[in-house]
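Inspection log for the structure reproduced underneath, given as structure tokens.
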Amino acid sequence: MSLLKELLRAPLSAKFGLLVIVVYILVALFAPVLAPFGETQVVGEGFAPWGGQFLLGTDNLGRDMFSRLVFGARNTLGIAFLTTVLAFLLGGTCGLIAAIKGGWVDQGLSRVVDILMAIPQLIFALLILSVVGTTATSLVLVIALLDATRVFRLSRAVAMNVVVQDFVEAARLRGEGLCWLVTREVLPNAAAPLIAEFGLRFCFVFLFISALSFLGLGIQPPTADWGSMVRDNAVLITFGDISPLLPALAVALITVSVNFVVDWMLHKSSGLKEC
Amino acid sequence: MKSIFKLLGQRLALGLLSLLAVSVIIFLAVGLLPGDIAQAMLGQSATPETVAAYRAQLGLDLPPLTRFGQWIWQLLHGDLGVSLANQRPIAELVGSRLGNTFSLALLAALVSVPLALLLGMLAALYRNSWFDRLLNTSALSAVSFPEFFVAYILILVFAVKLNWFPSISNLSPNASLGEVLERSVLPVATLSLVVIAQMMRMTRASLINLLASPYIEMARLKGISQSRIIFRHALPNALAPIVNVVALNLAYLVVGVVVVEVVFVYPGLGQLLVDSVAKRDIPVVQACSLIFAATYILLNTSADVLSIASNPRLMHPKG
């Protein structure tokens with residue numbers, strides 16, 4: 001009940017953000033029910049106007065725009081979520097272990113991360129994708145690896161503050177193993193900043209994948225995906241038609257919403273009022 | 001004063017070291033290719049003898065360390081290798097595009113840095129007013145928009161509806177300066193919007209932190225005028241973080257240019273990179289990545305160096 005009360009007292013921007021996130025998740029889950037046509041089904045002439053049989057018209061190949069938007073939620077959100085989870089598993093685990101073990105483990109991992117972070121992410125991703133080819137699997141793995149470096153930095157920094165506490169020392173002296181130290185001692189005390197970071201990282205990954213797809217190097221056709229939908233229909237904009245902007249708007253809306261919610265969460269957990 | 005030179009030396013050495021590490025990674029990336037580059041260039045139908053001869057010609061039969069040395073040596077002499085797609089020297093492909101990309105980034109920087117600093121300072125001074133809230137919310141939104149969204153909105157409004165600027169920025173080699181500038185307006189505006197939001201937020205945050213510190217309150221209690229507090233007491237101490245933010249965002253600009261160039265069909269390095277990735281033209285990708293990564297490292301290192309050099313506390317070490 002206290003959670004509900006907390007939600008009711010949230011600022012308008014956070015409420016709006018939460019609402020949008022819930023709607024997106026529902027759309028992603030029930031995509032096949034909501035969409036009137038199939039994801040890759042060609043249903044009519046290319047670039048049909050809005051209204052009538054096709055709510056938002058059709059795209060360059062004559063596929064229903066609205067259906068593809070709905071399926072795009074599932075594909076784009078799903079891949080971005082999977083990537084973020086992978087990045088957190090890899091980066092978070094390494095960060096916590098580096099903080100607990102210290103010494104050469106910490107030094108080694110930190111230097112590798114330093115080097116990986118010295119290359120701009122987009123450039124690194126393009127370099128690797130040009131070598132291994134652009135498939136969904138390599139996309140997820142490459143971006144997860146690159147993003148894990150950021151997660152590593154944060155989780156190591158947060159865990160560093162926890163491992164010097166007495167209760168961790170006590171657990172060490174009891175002879176608890178690494179697994180216990182990570183999951184029972186450090187993680188519960190480092191959870192709040194990590195959850196907020198998850199939201200920010202998700203936004204970043206989401207924008208990153210959309211940008212790559214927009215460049216034609218991300219999620220490959222015929223899978224419906226917001227970034228490549230903008231690219232495929234961009235020519236319509238020069239005729240003053242806004243339908244290619246809808247997938248871009250969908251991307252913008254979810255990232256703004258997540259940012260609003262994270263902003264509110266950080267504000268709550270820090271407990272300080274900005275003076 | 002000694003410690004500051006030591007710090008600066010360390011940063012510079014670190015920058016050089018990461019440059020070396022990055023070039024090793026970019027060099028090694030080719031090794032991940034199934035088969036090798038000779039096979040890729042000659043295609044599937046080549047006989048094993050031709051491939052072997054070609055490998056010898058390219059020097060692929062030499063040990064990796066020697067090849068790395070040669071690669072770096074050639075790079076330093078401006079020889080970037082040959083494109084797989086059309087056999088032209090990469091230096092020729094990169095040449096004019098490099099200038100285009102840097103001038104785009106430079107123009108964006110010239111527009112965005114003064115504007116962002118001014119807005120950040122105003123937001124910090126009038127914090128929690130409606131002006132500050134408006135700036136903050138729009139900055140948060142601008143940060144979360146994908147660049148291509150911003151770009152297409154600008155195209156829709158200024159190129160299609162109002163017809164003020166061209167929607168495509170392809171430059172002909174003999175375009176006049178005025179024409180180049182006119183065609184660069186929309187790409188520069190897109191880049192600036194994204195960077196201004198970030199820089200403004202960070203300027204505001206670092207100034208607010210400072211204005212809450214005891215020595216500012218002391219100055220205020222002494223009855224010093226508001227402008228003197230800002231320019232004599234707060235700004236010198238805020239300079240280090242602000243310089244850092246500016247340099248980091250310039251580094252971001254150099255990379256953010258890639259998407260914007262593709263949207264506006266601007267003949268820059270980013271577009272070459274994207275095309276080459278799609279064609280899997282690895283030597284060109286290598287050359288472009290190296291140029292982007294080197295610029296990025298250079299800017300990041302200068303951010304560190306400048307923030308050390310502009311920190312008044314390091315200029316007067318205790319004891």
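Chain identifiers are assigned alphabetically (A, B, ...) following the order of the sequence lines, protein sequences preceding nucleic acid strands; residue numbering begins at 1 within each chain.
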May I ask you to test the B:Thr137-A:Phe260 pair for a side-chain heavy-atom distance under 4.5 Å?
-> yes
Mind listing the closest non-hydrogen atom pair of A:Ile119 and B:Ala293 along with its distance?
-> CG2-CB, 4.3 Å
Hey, does B:Phe149 have a side-chain heavy atom less than 4.5 Å from the side chain of A:Val230?
-> no
Taking all non-hydrogen atoms of both residues, which atom of B:Phe292 and which atom of A:Pro120 are closest, and how far apart?
-> O-CG, 4.4 Å
Which of the residues B:Val274, B:Leu14, B:Val262 is involved in the greatest number of heavy-atom pairs with chain A at under 4.5 angstrom?
-> B:Val274
Is it true that atom CD of B:Gln10 has more than 12 heavy atoms of other residues, nucleotides or ligands lying nearer than 6.0 Å?
-> yes
Which answer fits A:Leu249, side chain, backbone, both or neither, if we ask what part of it has an atom under 4.5 Å from a heavy atom of chain B?
-> both
A:Leu126 side chain reached by B:Val285 side chain, heavy atoms, under 4.5 Å = no
Of the listed A:Leu212, A:Val251, A:Leu217, A:Asp263, the one with the largest count of heavy-atom pairs under 4.5 Å with chain B is A:Leu217
Got more than 12 heavy atoms from elsewhere within 6.0 Å of CZ, B:Phe131?
-> yes
Top contributor to chain A contacts, counting heavy-atom pairs under 4.5 Å, from B:Pro146, B:Cys288, B:Ala21 = B:Pro146
Please report the closest heavy-atom contact between A:Ser210 and B:Phe148, naming both atoms and the distance.
-> O-CE2, 3.7 Å
Do the side chains of B:Phe145 and A:Val256 get nearer than 4.5 Å, heavy atoms only?
-> yes
Nearest-0.5 Å distance, CE of residue A:Met117 to OH of residue B:Tyr296 | 7.5 Å
So, do B:Ile25 and A:Phe124 sit near enough that their side-chain heavy atoms are less than 4.5 Å apart?
-> yes
Can you tell which of A:Asn259, A:Asp114, A:Val258 has the highest number of heavy-atom pairs within less than 4.5 Å of chain B?
-> A:Asn259
Got a second to check how far A:Leu127's CG is from B:Ser276's OG, nearest 0.5 Å?
-> 11.5 Å
Got a sec: does the CZ of A:Phe198 have more than 12 other heavy atoms crowding it under 6.0 Å?
-> yes
Interface moiety of A:Leu215 toward chain B, non-hydrogen atoms closer than 4.5 Å | both
Sort B:Leu273 into side chain, backbone, both or neither according to what part of it lies under 4.5 angstrom from a heavy atom of chain A.
-> side chain
